[in-house]
Amino acid sequence: MASNNNTRRISEVGLSDSEPSTQHLVYGVLHGISPPSSNFIDQHGSTAYDFGELEEALIPKVLQNDGDRKPLLGIHPPPTLEIFPSWPVRYQPTPRAHSHQSGESTTDSGSAQNTGSQLEPESPVSSSQKSQPNRRSSDPSLHQKQERSDMAPAPSDSTAHHHNQSKTLVDKAYVQQLESSKIKLTQLEQDLQRARAQGLFIAGAGGGSNVSSGAAIFDMEHARWIEENQRHMAELRAGLNAHLPDTDLRLILDGCLGHYDEIFRLKGIAAKADVFHVFSGLWLTPAERCFLWMGGFKPSELLKILVPQLEPLTEQQFIGICNLQQSSQQAEEALSQGLEALHQSLADTVVGGGSLGDPPNHHVTNYMAHMAIALARLANLESFVRQADNLRQQTLHQLRRILTVRQAVRCFLAIGEYYSRLRALSSLWASRPRESMITYGNSSQLTSSLQMIQQQPPHQNHFSTF
Amino acid sequence: MHYQTEAWGAYMAPRTAGTDPLERVERLAAENAVVIFSISSCCMCHAVKRLFCGMGVNPTVYELDEDPRGKEMEKALVRLLGSSQAVPAVFIGGKLIGPMDRVMASHINGSLVPLLKEAGALWL
């Protein structure tokens, strides 16, 4: 990913780099990711990312917007560059006003991470993913730092000493700025990923975007589909609890099933536009992707989970379910073997383009011919995804046929709940404490993160159905 | 699974050169309980063959790319199936079941096995 490369480049820039080139580098990074995300950044009106001011007053000015930074999950970020015990008064445009913030900013460059996470409270997306308690109250060293920065050497010191000191400090300032930019960048990337998953990322073919428009559109549609599905689930549950007659329940159920048909239709369109996006499950949350089979769930696996939830079943129903399980397993096996054949023929074609020991330009015509054939083989992937989706769709419909109305309602509620929990698991995973900050033995952090998630608004809270 | 070639034709009445490909397809389809029209390089055809073999069925496979008149038969199948994909095309008991998705759908909804039994391809 381009942005990863830029991140790496930032950390590689040494102290010897001249000022303007560093600035351009950082600018380049920003511009590399800004077009698709410009809406996202603009939403928050944050000026903390205006690195153009770097030239003038370096860190103090840029970090002046760190008024209310909030760390991840209330954890103390690790100090990465403890090289600013104090900040000279000379470099503070408004010493009094900014010393407080500068003092904070110089305690540790992990504060830069806080700057990045400053986005969090304002973003409609990430507010559902992370909540950070205000760290300010928990920082006892604040006042001490502020005092220390006030005690920085006055301009009346010898100019030579001061000049040397200022030069070193300028260099150190750059290092810290680079550090903080890197952290901000990773933060931005994470936010973008999350926004995309939640369907707020409308990329088009934006510069620096590595998501095709077909994929981005599908991600958005999928997010909308999930919301709509929650609505169907709520309707089903309400209908069940209200003991509606079967005729009414059947209507709601048909609507629910039709909604599943809709996602398969959308997946078909998306597969035509970008088969690898669908096939690799990039539109799924990580926990769902764990179970990925040919661009979605494995029908026999889902049946295995559902059967215990469906009891009691009549003998005929049980036989029907068993047959369904067996036939879906056979169909899955057949498709998997077909895919294996595709792998084999694709590998043969790629190798056939010339001995792997030789460079490609050795047998150009042969190589290109085989590449053309390989392209055609790759295109077959779409038909496999389509057949797999067909299998999923047929399995759901057959399930509906075997079960009574009430059983089917409970069945589809169970399916909805299961995937809802998997998505919640993915959210938890994304906001889990990192190894560098915390040991996994500390369960209190997990508890607090669970509590934070529970405080989210219900429609975004996957735990609301628990 | 056994692969048929038109060698069988040598033992039967000589064919006229202008046999309608569709007729030929239907004739071939009627000769065995389970008939699959395939192309040797097609991976989905491989999948459908594996499906039947996995069920214990012994389908008769015609590889159209190995048949001198395969191209015409392909076109006839395209018209018959109403889709751009001629293969795989599955016939059971001489009746067209359809392309892969129809075969899978009928397997899932439980109608495939009775059809196979009826055609004598399955005995359990």
Side-chain angles (χ1 to χ4, degrees), chain A residues 264 268 272 294 299-300 303 316-317 319-349 352 373-374 376-402, chain B residues 1 3 34 36-59 61 63-66 74 77-78 81-90 92 97-117 121-122 124:
Chain A
F264 291 121
K272 276 196 178 57
M294 239 177 259
S300 60
L303 284 172
Q316 196 175 19
Q317 283 180 325
I319 291 171
I321 297 279
C322 284
N323 287 340
L324 179 59
Q325 209 154 1
Q326 188 183 35
S327 52
S328 63
Q329 250 163 354
Q330 285 169 340
E332 287 161 17
E333 187 57 34
L335 284 179
S336 295
Q337 288 187 14
L339 191 65
E340 255 181 60
L342 179 62
H343 285 167
Q344 191 61 56
S345 71
L346 187 61
D348 289 345
T349 310
I373 299 170
R377 298 233 190 276
L378 262 188
N380 286 324
L381 207 58
E382 196 221 314
S383 56
F384 278 95
V385 172
R386 203 164 23 94
Q387 292 305 331
D389 277 346
N390 177 39
L391 184 61
R392 290 173 194 119
Q393 190 175 17
Q394 294 301 323
T395 305
L396 289 177
H397 278 269
Q398 179 67 1
L399 207 50
R400 166 72 190 94
R401 266 178 238 125
I402 293 172
Chain B
M1 176 159 56
Y3 291 83
V34 181
I36 303 176
F37 290 97
S38 153
I39 287 176
S40 55
S41 59
C42 167
C43 302
M44 197 53 79
C45 298
H46 182 83
V48 83
K49 291 173 209 166
R50 301 296 339 145
L51 178 65
F52 282 106
C53 291
M55 292 164 62
V57 173
N58 188 20
V61 181
E63 301 286 3
L64 295 180
D65 53 337
E66 289 164 7
E74 248 187 88
L77 279 171
V78 162
L81 292 172
S83 92
S84 55
Q85 275 282 91
V87 293
V90 176
I92 298 180
I97 302 302
M100 183 58 159
D101 54 357
R102 285 251 34 88
V103 172
M104 299 242 288
S106 76
H107 191 35
I108 292 297
N109 69 28
S111 59
L112 189 66
V113 168
L115 273 174
L116 289 168
K117 287 187 180 167
L122 265 182
L124 288 162

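Bear in mind that the values here come from a model prediction, so they are computed numbers and not experimental data. Naming: A, B, ... by sequence-line order, numbering from 1 per chain.
- Between chain B and the options A/Arg377, A/Gln326, A/Gln330, heavy-atom pairs under 4.5 Å are most frequent for A/Gln330.
- You'll find the side chain of B/Ser106 stays beyond 4.5 Å of the side chain of B/Leu115, heavy atoms only.
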Start with the C-alpha gap between B/Leu64 and B/Leu77, add the side-chain angles, then the distance that decides, and say whether side-chain contact (heavy atoms from CB on, under 4.5 Å) holds.
-> CA-CA 11 Å; B/Leu64 295 180; B/Leu77 279 171; 3.8 Å; yes

Show your reasoning for whether side-chain contact (heavy atoms from CB on, under 4.5 Å) applies to A/Glu382 and A/Lys272.
-> CA-CA 7 Å; A/Glu382 196 221 314; A/Lys272 276 196 178 57; 3.4 Å; yes

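- No side-chain donor-acceptor contact under 3.5 Å links A/Gln325 and A/Ser300.
- Listed options B/Ile108, B/Leu112, B/Leu51 were ranked by heavy-atom pairs under 4.5 angstrom with chain A; first place goes to B/Ile108.
- By number of non-hydrogen pairs under 4.5 angstrom with chain B, the leading residue of A/Thr395, A/Ile402, A/Asn390, A/Leu339 is A/Asn390.
- Ion pairing between a basic and an acidic side chain is recognised when a charged N comes within 4.0 Å of a carboxylate O; A/Arg392 and A/Asp389 show such pairing.
- Of the two parts of B/Met44, the backbone and the side chain both hold a non-hydrogen atom closer than 4.5 Å to a non-hydrogen atom of chain A.
- Of the residues considered (B/Cys42, B/Ser41, B/Gly54, B/Cys43), B/Cys43 shows the highest number of contacts with chain A, using heavy-atom pairs under 4.5 Å.
- Looking at every heavy atom in both residues, B/His46 comes nearest to A/Gln337 through CD2-O, 3.6 Å.
- Note: A/Gln387 leads A/Gln387, A/Arg401, A/Gln394 in heavy-atom pairs under 4.5 Å with chain B.
- Taking B/His107, B/Gln85, B/Met55 one by one and counting their heavy-atom pairs under 4.5 Å with chain A, the maximum is reached by B/His107.
- Both the backbone and the side chain of A/Ser383 have a heavy atom closer than 4.5 Å to some heavy atom of chain B.
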